[in-house]
Amino acid sequence: MKISEQMNVFTIRKKILLASKLMGVILVLSYVFSTRLPLSADVSLMLWLIFVVVLICAIDLWMAQFISKPVSELNKAAGRMADLDFSHLCDVSGHDEFGELSHSLNIMAQNLQKAFETLEHVNNKLEQDVEQKKRLLSERKELIDNLSHEMKTPLGVIRAYTEGLQDETDEIKRQNYYEVIIKETERMSSLITTLLDLSALENGASGLHPERFEFVEFLETVAGRLLIDTPDADFNLQYELPELPVYVNTDKNRMEQALNNLIVNAKRNVRPGGILKLSLTERDGMLDFSVYNQGPPIPQENLSKIWTKFYRDKNTKYSGSGLGLAIVAQILSMQHLTYGALNQQDGVTFYFSIPSIK
């Protein structure tokens, strides 16, 4: 036993010893005092016995205060900890063994709480990793299934025309076969590249890199490349653009990709000689873009489906490979931007809104 512990007068053992010695001294002194009283022996003895009972009750209350009550509190705290409830610490204080035990229990509870929180964090991270792995496996399977499905047609065409080349002697026909094979090969290459790009956006492998740039001139450049002086242009181009520069903060390359897909989609579906209109307006810190093409409407029940990957509908022209609008939806969704498509009186409008900055 350490010397400091021997000198400590606040230990439970020392308190009990002091209490017992003090009680013995008081009993002796009280007995001697009672015998000196000018009363009969029976009365003196009765008074002394009453005093002894009172003394015993007082000692019992005192013992309960610094022994029974702390033991009860420690027992309750230990029970809560056994049930893994660390929300309430033990409030027994003092310099004796009970105080030290309470302090140790509280430290243990805090350490266990931290250990459980760390374990819960690790478990959550492990669950996220497992879910991510499942999601990646699912996306990989979907990618393979989609590629397999989409490659059947061009591969069948290439095979058929390749077999035709073996028996064809007419040079003009052979040249046509070559052109078809090259066209289908380019189509497969473009489809694979687009699908891989969309998959990278969906699973987070490809992120956005925002930058500040002027949007009006940017839109004019993209639209001019796609709509002006094109040999297959058979539409009436109209536009409504702000006169002053307007700036945005977004991924410039991805925004060009989204605009390109929307404009090409409108160009593909505008009726011969119909109106194709680009619009860009400002309102309350937002920049609203829309592209309208005069032509057949989209069936109302399909308006939400056209943004789905590989969606096709034989009753509408707004399908294509099903990847262009899906990429637009993914790029805009990653920025939490509002977008959609609306049937107008004599055509369809595709739109999105993006915050403008100074």
Side-chain angles (χ1 to χ4, degrees), residues 1-20 58-144 196-212 249-251 254 329-338 355 357:
M1 184 179 293
K2 297 181 180 179
I3 297 178
S4 59
E5 293 178 352
Q6 294 177 342
M7 298 298 294
N8 186 4
V9 297
F10 296 105
T11 63
I12 301 299
R13 177 172 170 272
K14 293 291 182 64
K15 287 180 179 180
I16 294 175
L17 287 175
L18 288 174
S20 61
I59 292 296
D60 184 66
L61 291 175
W62 183 56
M63 296 285 282
Q65 185 64 29
F66 74 87
I67 294 180
S68 300
K69 184 178 179 181
V71 169
S72 178
E73 291 295 328
L74 289 169
N75 183 57
K76 291 179 182 178
R80 289 195 298 268
M81 294 176 190
D83 293 333
L84 303 181
D85 179 11
F86 307 111
S87 58
H88 297 87
L89 299 178
C90 184
D91 59 355
V92 175
S93 60
H95 301 285
D96 54 20
E97 291 93 332
F98 292 146
E100 293 177 356
L101 179 58
S102 174
H103 180 67
S104 298
L105 283 175
N106 290 338
I107 292 177
M108 181 182 69
Q110 292 172 352
N111 291 336
L112 285 174
Q113 180 70 21
K114 291 179 181 178
F116 277 116
E117 289 175 355
T118 302
L119 182 61
E120 184 178 4
H121 175 72
V122 172
N123 285 337
N124 290 336
K125 188 176 185 303
L126 183 60
E127 289 178 0
Q128 292 174 359
D129 292 342
V130 172
E131 288 299 322
Q132 183 180 14
K133 188 171 293 185
K134 289 181 180 179
R135 180 171 57 82
L136 290 175
L137 289 174
S138 176
E139 289 175 353
R140 185 179 302 172
K141 182 179 181 301
E142 181 186 6
L143 178 62
I144 293 173
L196 290 175
D197 186 31
L198 178 58
S199 179
L201 286 171
E202 290 176 336
N203 61 36
S206 178
L208 301 178
H209 305 284
E211 61 178 295
R212 180 179 180 271
N249 184 46
T250 185
D251 189 309
R254 290 298 182 184
Q330 183 63 34
I331 292 173
L332 299 178
S333 296
M334 290 173 68
Q335 303 176 78
H336 309 288
L337 303 180
T338 302
I357 61 174

Nearest 0.5 Å please: distance from the CE atom of Met334 over to the CG atom of Leu208. 4.0 Å
Beyond-backbone contact of Glu127 with Asn124, side-chain heavy atoms, under 4.5 angstrom: yes
Which atom names give the shortest non-hydrogen contact between Arg212 and Asn249, and what distance separates them? N-OD1, 3.5 Å
Not counting sequence neighbours, which residues clear salt bridge (Lys or Arg N to Asp or Glu O under 4.0 Å) with Lys125? List them please. Asp129
Taking atom CG of Leu126 and atom CD of Glu131, what is their separation to the nearest 0.5 Å? 10.5 Å
Contacts of Asp197 that satisfy salt bridge (Lys or Arg N to Asp or Glu O under 4.0 Å) - sequence neighbours left out: Arg254
If you take all heavy atoms of Leu337 and Pro355, which pair is closest and at what distance? CD2-CD, 3.8 Å
